[in-house]
Amino acid sequence: MKSVVPAPHRAILRTIAAIPRGCVACYGEIAARAGVPRGARLVGRVLREADPALDLPWQRVLRADGRIAFPSGSRAHREQCRRLRAEGVVVVHGRVDLARFGWQRNLDRELWSLPHA
DNA sequence: ACATTGACTCGCG
DNA sequence: GCGCGAGCCAATG
């Protein structure tokens, strides 16, 4: 029987699992790398429904501006901060400097703004 | 088939 | 910095 899990979903899980320790990646970046252009929201959905037993490095996934996706003050926000710092990532006011800790830093821009001026 | 909802992103004010 | 609107796409009701 064929897998009940769609291919893009699996590709996204693999990509997240591949983010190096001490690095972070934004949702759109992960989607692009997984072969799902404009799939940022899908990445969020996949993470939310992912089986905790997979031990995904979910803390390494941030918004495009380097901020943690969860509302500051929330339980999840604090937990993500804690996990990131535990692996050496500097978090200031719920934010990470992508220029320093970003995984793919630039690929993003090429894929999202096509008209390209 | 239509409307709403999100761990999203971008541009503008 | 913050809020809004628009575009985006799969899941849900």
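Note on naming: letters A, B, ... go to the chains in the order of the sequence lines (proteins, then strands), and numbering restarts at 1 for each one.
- Annotation: the span from A:Leu42 atom CG to A:Ile30 atom CD1 amounts to 11.5 Å, rounded to 0.5 Å.
- One C1' atom belongs to B:dG6, the other to C:dC8, and the distance between them is 12 Å to the nearest Å.
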Counting only pairs under 3.5 Å, give me each side-chain donor-acceptor contact of residues 68-77 of chain A, with atom names and distances, residues two or more places apart or in other chains.
residue, atom, partner, partner atom, Å
A:Ser74, OG, A:Pro71, O, 2.7
A:Ser74, OG, A:His77, N, 3.2

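- Comparing B:dT9, B:dA7, C:dC8 by their closest approach to the side chain of A:Arg38 singles out C:dC8.
- Closest non-hydrogen pair, A:Ala50 versus A:Leu13, comes out as CB-CD2, 4.4 Å.
- At whole-Å resolution of the value, CD1 in A:Ile16 and P in B:dA7 are 14 Å apart.
- Checking side-chain atoms of A:Gln80 against main-chain N and O of A:Val61 turns up a donor-acceptor pair under 3.5 Å.
- Considering only side-chain atoms of A:Arg63, the nucleotide from B:dC8, C:dG1, B:dC10 that sits closest is B:dC8.
- When the P atom is used for both C:dG7 and B:dA7, the distance is 22 Å, rounded to whole Å.
- In this structure, A:Asp65 places its CG atom 11 Å from C1' of B:dC8, rounding to the nearest Å.
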Going through the checks in order, is the side-chain contact (heavy atoms from CB on, under 4.5 Å) test met by A:Thr15 and A:Trp103? CA-CA 11 Å; A:Thr15 304; A:Trp103 186 23; 4.1 Å; yes

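- For the segment residues 41-58 of chain A, the set of residues with a heavy atom within less than 4.0 Å of an atom of DNA chain C comprises A:Arg41, A:Leu42, A:Arg45, in numerical order.
- Protein atom CD1 of A:Ile12 is 13 Å distant from nucleotide atom P of B:dC8, rounded to whole Å.
- Of the charged side-chain nitrogens involved, none lies within less than 4.0 Å of a carboxylate oxygen, so that A:Arg63 and A:Asp65 do not count as a salt-bridged pair.
- Put simply, NE2 on A:His9 is 15 Å from C1' on B:dG6, counting in whole angstrom units.
- Rounding to whole angstrom units, CD1 of residue A:Ile30 and C1' of C:dC9 are separated by 16 Å.
- Residues A:Leu98 and A:Ala64 come closest through the heavy atom pair CD1-O, 3.2 Å.
- When the nucleotides B:dA7, B:dC8, B:dC10 are ranked by their closest atom to the side chain of A:Phe70, B:dA7 comes out on top.
- For the pair A:Arg85 (side chain) and A:Val91 (backbone), a donor-acceptor distance under 3.5 Å is present.
- Between A:Glu87 and A:Arg83, no side-chain nitrogen of the basic residue sits less than 4.0 Å from a carboxylate oxygen of the acidic one, so the salt-bridge criterion is not met.
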Sub-3.5 Å pairs of nitrogen or oxygen atoms, protein against nucleotides 2-5 of chain C:
none

